[in-house]
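Only one structure is covered here, and it is reproduced in the block below.
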Amino acid sequence: MSGRLRTVEEHLAAILAGVRALDPVEVPLAAAVGRVLAEALRARVDIPVFDNSAMDGFAVRFDDVADARPERAVTLRVVADLPAGDPADPALGAGEAIRIMTGAPVPTAADAIVPFEDTRDGLAASLGEIAVLRAPRGRGAHIRRQGEDLRAGDEVLPAGTVLTPHALGAAAAAGIGGAVRVHRRPRVVVLSTGSELVPSGEPLARGQIPESNSTLLAGLAAAAGAEIVRVAVSSDDEQAFAELLHAAHDADAVITSGGVSAGAYEVVKNALAGRVAFVKVAMQPGKPQAFGRLADGPLLFGLPGNPVSAAVSFEVFVRPALRAMQGIRETARPVLRLPAAVGWRTPAGRRQYLPAIVDTSDPARWSVRPAAPGGSGSHLAGSLAAATAYAVVPAEVDAVAAGDPVDVMLLS
């Protein structure tokens with residue numbers, strides 16, 4: 001590692017410069033939730049497809065009912081009945097009405113809908129003759145016009161859109177079926193390193209700790225859209241680590257935790273020195289970082305081993321890269337500026353990413369406070385369970401006082 005600390009922006013820029021969007025694949029629309037569009041989707045039909053009724057009631061000629069009011073009801077003769085899905089276009093003459101249900105095509109001769117509740121007996125007396133008690137608000141009342149939302153050929157979703165359930169529903173409503181082209185999910189291998197690590201739940205000897213980073217990082221990567229193809233734990237033996245790394249040749253990215261600092265048994269650094277860059281970043285936690293591309297293809301993200309350091313490093317560096325690999329243009333988390341509920345200390349000369357809780361109990365004044373009673377500490381893994389955000393404090397700030405405005409990176 002060089003002596004100079006990189007800024008967060010410098011290290012992130014170096015990472016994103018080495019990332020490209022993965023090639024597109026085709027998947028069925030119904031199975032595409034969470035995937036990212038590789039090309040824009042355009043409407044194949046108008047939305048709405050045709051003029052249709054927005055209410056259960058009667059299709060009428062507005063001039064016939066323009067003066068209707070409770071004390072001077074207008075009587076009309078019902079001449080047809082239109083449920084949703086009926087293709088009929090019945091004629092409509094003066095003094096006539098057509099019973100119509102929500103979503104049914106509006107007859108060509110009608111120019112307004114009178115809801116059941118604006119007639120004397122509503123649905124109960126909806127065939128034969130009806131008495132209209134209230135005039136519609138004007139021509140076109142309660143009519144959904146063809147194409148008022150989208151026209152065939154309009155762009156429904158641009159390339160780079162994450163396909164949420166709402167987005168998929170919009171695409172289906174626009175007549176888009178079958179397969180859509182999306183970016184392939186990044187194939188990710190997670191390797192946790194450290195001879196002190198024992199599978200969580202097993203008995204611990206002196207000096208041993210439960211291994212948690214693989215669970216943490218695999219979950220974070222999956223939430224960022226990655227396909228987790230392998231999770232493994234390595235001791236600090238370089239040969240054992242090298243074998244696990246070689247088995248990851250079919251991945252797009254390898255995420256390691258631990259072994260990147262300045263100690264004597266830093267297995268990632270010892271095994272990969274000269275092959276990837278090992279740097280110090282001006283942040284806390286997460287100062288030691290590694291990044292590069294392995295000879296057999298995968299990107300290598302070497303993160304520090306303390307759980308909070310690993311989690312923060314993932315959010316700041318790995319998540320944006322995984323999103324860029326999926327063709328997502330906006331790779332950053334949303335950030336709010338909120339007042340601090342309490343004060344806390346910050347590290348000198350390094351940007352702080354503090355696991356935090358956003359307090360929304362007062363709708364008029366949200367605030368932020370540390371998630372851990374002990375404040376900042378890269379070993380405080382328990383605080384991550386409560387964290388809903390990271391409070392991001394600039395390197396030049398020595399301390400945060402209650403009421404100070406703080407940038408807050410939202411995690412959900």
Side-chain angles (χ1 to χ4, degrees), residues 27-33 37 40-66 68 73-157 161 163-180:
V27 300
L29 180 72
V33 66
L37 278 178
L41 295 183
R42 295 189 174 277
R44 295 177 183 169
V45 299
D46 294 341
I47 303 180
V49 178
F50 46 80
D51 290 358
N52 69 89
S53 177
M55 301 289 288
D56 295 324
F58 302 93
V60 300
R61 300 179 352 155
F62 178 74
D63 289 342
D64 287 345
V65 295
V74 173
T75 301
L76 302 176
R77 183 169 62 92
V78 179
V79 295
D81 188 19
L82 281 180
D86 192 328
D89 187 8
L92 181 68
E96 295 178 340
I98 296 169
R99 189 171 77 163
I100 191 168
M101 301 301 145
T102 301
V106 176
T108 301
D111 59 3
I113 304 295
V114 174
F116 282 139
E117 48 267 41
D118 289 341
T119 64
R120 178 165 292 135
D121 296 312
L123 178 62
S126 57
L127 295 174
E129 284 192 345
I130 60 166
V132 178
L133 303 178
R134 282 174 287 275
R137 62 180 182 271
R139 298 184 197 280
H142 304 301
I143 295 176
R144 303 161 174 163
R145 292 300 184 188
Q146 178 177 347
E148 68 181 8
D149 188 13
L150 286 173
R151 289 287 185 182
D154 287 350
E155 185 176 85
V156 183
L157 301 168
T161 298
L163 291 172
T164 63
H166 291 121
L168 292 175
I176 298 166
V180 293

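In this text, all values refer to a predicted model and were calculated from it rather than measured experimentally. In this chain, numbering begins with 1 at the start of the sequence shown.
Side-chain contact check for Val180 versus Val27: some heavy-atom pair is nearer than 4.5 Å. Here the side chains of Arg144 and Thr102 are in contact, with some heavy-atom distance below 4.5 Å. Looking only at side-chain heavy atoms (C-beta outward), Ser126 and Val78 stay at 4.5 Å or farther from each other. Here the side chains of His142 and Arg137 are in contact, with some heavy-atom distance below 4.5 Å. Residues Pro107 and Ile100 have side chains in contact (heavy-atom distance under 4.5 Å, counting atoms from C-beta outward). The shortest distance between side-chain heavy atoms of Val33 and Pro165 falls below 4.5 Å. Contact of the Phe58 side chain with the Thr119 side chain is registered, since non-hydrogen atoms from C-beta on lie closer than 4.5 Å.
In this structure a side-chain-to-backbone donor-acceptor pair under 3.5 Å is present from Asp111 to Phe62. Of the possible polar contacts, none joining the Asp86 side chain to the Ala104 backbone as a donor-acceptor pair under 3.5 Å is found. At distances below 3.5 Å, not a single donor-acceptor pair connects side-chain atoms of Thr161 with backbone N or O atoms of Leu163. The main-chain N or O of Leu133 is never found under 3.5 Å from a side-chain atom of Asp118 such that the two would form a donor-acceptor pair.
The nearest pair of heavy atoms linking Val45 to Ala173 is CG2-O, 3.8 Å. Residues Asp63 and Arg139 approach most closely at OD1-NH2, 2.6 Å, considering heavy atoms. When all heavy atoms of Arg42 and Gly153 are compared, the closest pair comes out as NH1-O, 3.1 Å. The heavy-atom pair separating Ala59 from Ala110 by the smallest distance is CB-CB, 3.8 Å. In this structure, Leu92 and Val60 approach most closely via the heavy-atom pair CD2-C, 3.9 Å. When all heavy atoms of Ile130 and Ala97 are compared, the pair lying nearest together is CD1-CB, 4.1 Å.
To the nearest 0.5 Å, atoms CG (Leu82) and CD1 (Ile98) are separated by 6.0 Å. Once rounded to the nearest 0.5 Å, the distance linking CD of Glu148 with CG of Asp46 reads 11.0 Å. Note that CD1 of Ile176 and CG of Leu41 are 4.5 Å apart. Values are rounded to the nearest 0.5 Å. Taken from CZ in Arg151 to CD1 in Ile47, the straight-line distance is 11.5 Å, to the nearest 0.5 Å. Separation of atoms CD (Glu129) and CD (Glu96) is listed at 11.5 Å; rounding is to 0.5 Å. One distance of note links CE of Met55 with CD1 of Ile143; it measures 12.5 Å at 0.5 Å rounding.
Residues satisfying the side-chain hydrogen bond (donor to acceptor under 3.5 Å, both in side chains) criterion with Thr75, sequence neighbours excluded, are absent altogether. Asp154 pairs by the side-chain hydrogen bond (donor to acceptor under 3.5 Å, both in side chains) definition with nothing, not counting sequence neighbours.
Between Asp56 and Arg99, none of the side-chain N atoms (NZ, or NE/NH1/NH2) sits under 4.0 Å from a carboxylate O, so this pair counts as no salt bridge.
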